[in-house]
Amino acid sequence: MSKAHHRKKHPEAVRRQVLAVAARLSLEKGPASVTLDAVSQAAGVSKGGLLHHFPNKLSLLDGLFDDVTQNLDRVLAERMRVDPEPKGRFTRAYIGAFFQPEGLEDGERWKVLTVALISEPHLRDRWREWFDRHLVENIGTDSSLDATLARYAVDGLWLDDLLGVSVIDTATRATLLKRLLDMSRL
């Protein structure tokens with residue numbers, strides 16, 4: 001019997017390793033570098049092992065999308081749970097998660113996913129569905145024009161942070177954060 005038959009298998013650990021390697025390759029070398037061959041080789045996983053989890057590149061990107069949005073859902077739910085004010089609660093959670101660079105532990109994966117969202121219509125559709133679901137769930141508390149404007153502003157700041165276009169000093173950032181949080185209550 002081969003060593004593979006005696007070795008303990010940890011499919012979830014392999015899956016996570018593959019996703020981490022795919023994210024790293026994409027950041028270091030660009031999304032085009034994320035091929036199944038490159039990922040399996042860099043992850044030290046057989047191509048068959050990789051294909052067991054992700055039969056193609058799109059399923060690999062879907063896996064990354066699922067991991068990141070599930071974590072985002074947890075972050076938003078926790079922030080909303082501790083916010084005593086219902087009006088604008090989702091918007092404030094969204095601001096907290098995206099406005100502050102430390103708001104999301106998956107920052108590097110978000111960079112990868114953002115690039116993938118731009119280039120993959122399928123993932124854009126999934127993001128739109130994710131976002132629409134949250135807006136529908138919070139229609140009674142977060143549908144004001146000011147809350148919408150605050151979320152759009154945060155999206156712009158997130159993209160600015162992601163691309164490193166400009167650096168906003170700490171005092172200005174704090175003022176922007178306060179203003180956006182105030183807008184969520186209007």
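All residue numbers refer to positions in the sequence shown, counting from 1.
Look at R24 and E28 and you find a salt bridge, because one of the NZ, NE, NH1 or NH2 atoms lies within 4.0 Å of a carboxylate O, short of that distance. A salt bridge links R16 with D67; the closest basic N to acidic carboxylate O contact falls under 4.0 Å. Checked for salt-bridge contact, D125 and R128 meet the test: a charged N lies under 4.0 Å from a carboxylate O. A salt bridge does not link E129 to R126: none of the charged nitrogens lies less than 4.0 Å from a carboxylate oxygen. Ion pairing between D142 and R92 fails under the 4.0 Å rule for side-chain N and carboxylate O. Taking the charged nitrogens against the carboxylate oxygens, K178 and D182 do have a contact shorter than 4.0 Å, which makes a salt bridge.
Under 3.5 Å, the side chains of Y94 and N138 contain no donor-acceptor pair of N or O atoms. Side-chain contact, R151 with T91: a donor N or O sits under 3.5 Å from an acceptor N or O.
For T69 (side chain) and F65 (main-chain N/O), a donor-acceptor pair under 3.5 Å exists by modelled atom type. Under a 3.5 Å cut-off, the side chain of S143 and the backbone N or O of G140 do not form any donor-acceptor pair. Side chain of R124 to main chain of L117: a donor-acceptor pair is present (N/O by atom type, distance under 3.5 Å, no hydrogens or angles).
Applying the 6.0 Å contact sphere to CD of E137 captures more than 12 heavy atoms from other residues, nucleotides or ligands.
Of all heavy-atom pairs between A93 and M80, the closest is CB-CG, 3.6 Å. Smallest separation of non-hydrogen atoms from M183 and L149: CE-CD2, 3.4 Å. Smallest separation of non-hydrogen atoms from V75 and A97: CG1-CB, 4.0 Å. Residues L50 and V45 come closest through the heavy atom pair N-CG1, 3.6 Å. Residue A42 comes nearest to L25 through the heavy atom pair CB-CD1, 4.3 Å, listed as atom of the first residue, atom of the second, then distance. Closest non-hydrogen pair, A22 versus V34, comes out as O-CG2, 3.6 Å.
Between H134 and D73, the closest side-chain pair of non-hydrogen atoms falls below 4.5 Å. Taking 4.5 Å as the limit, some side-chain heavy atom of H122 sits within range of a side-chain heavy atom of D62. Counting heavy atoms from C-beta outward, F54 and V39 have side chains that stay 4.5 Å or more apart.
Classified by interplanar angle (parallel below 30°, tilted 30° to 60°, perpendicular above 60°), the ring pair W130/W127 is parallel.
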